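First the structure, in the form of structure tokens, and then the observations on it.
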Amino acid sequence: MAKDILGEAGLHFDELNKLRVLDPEVTQQTIELKEECKDFVDKIGQFQKIVGGLIELVDQLAKEAENEKMKILITSGPLNLLNLCQSLFPLIFIFFFF
């Protein structure tokens, strides 16, 4: 009967018979929610590490692709220039000598 009166007033006894303001069920739900939140934050941290590593990898691949592209442009540049000169030479020859 005393517990009912205290319960109506918002006071409860825990398993150690200590007087508490929160209902033991609410206290248990709060503890479970706190644990779930901690697990969620840990998973988010792991996700951030994975995504950070992926971003670094993609950046590295992009730099390597850019370097390869520049190598190709540098090595094929003189050949393209030579081909251009060879194709224009007859026109230049005709222009200057006729």
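Bear in mind that the values here come from a model prediction, so they are computed numbers and not experimental data. Only heavy atoms go into these numbers, but all of them, side chains included; no hydrogens, no water, no symmetry mates.
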task = Would you please name every residue forming a salt bridge (charged side-chain N to carboxylate O under 4.0 Å, His left out) with Lys38, sequence neighbours left out?
result = Asp42
task = Mind checking the CD-OG1 spacing from Glu25 to Thr30? Nearest 0.5 Å is all I need.
result = 10.5 Å
query = With Ile44, which residues qualify under side chain to side chain contact (heavy atoms under 4.5 Å, CB included), at least two apart?
reply = Phe40, Gln48
Please table the atom pairs, donor to acceptor, closer than 3.5 Å between any side-chain atom in residues 51-65 and protein atoms at least two apart or in another chain.
from: Gln60; atom 1: NE2; to: Glu64; atom 2: OE2; distance (Å): 3.4

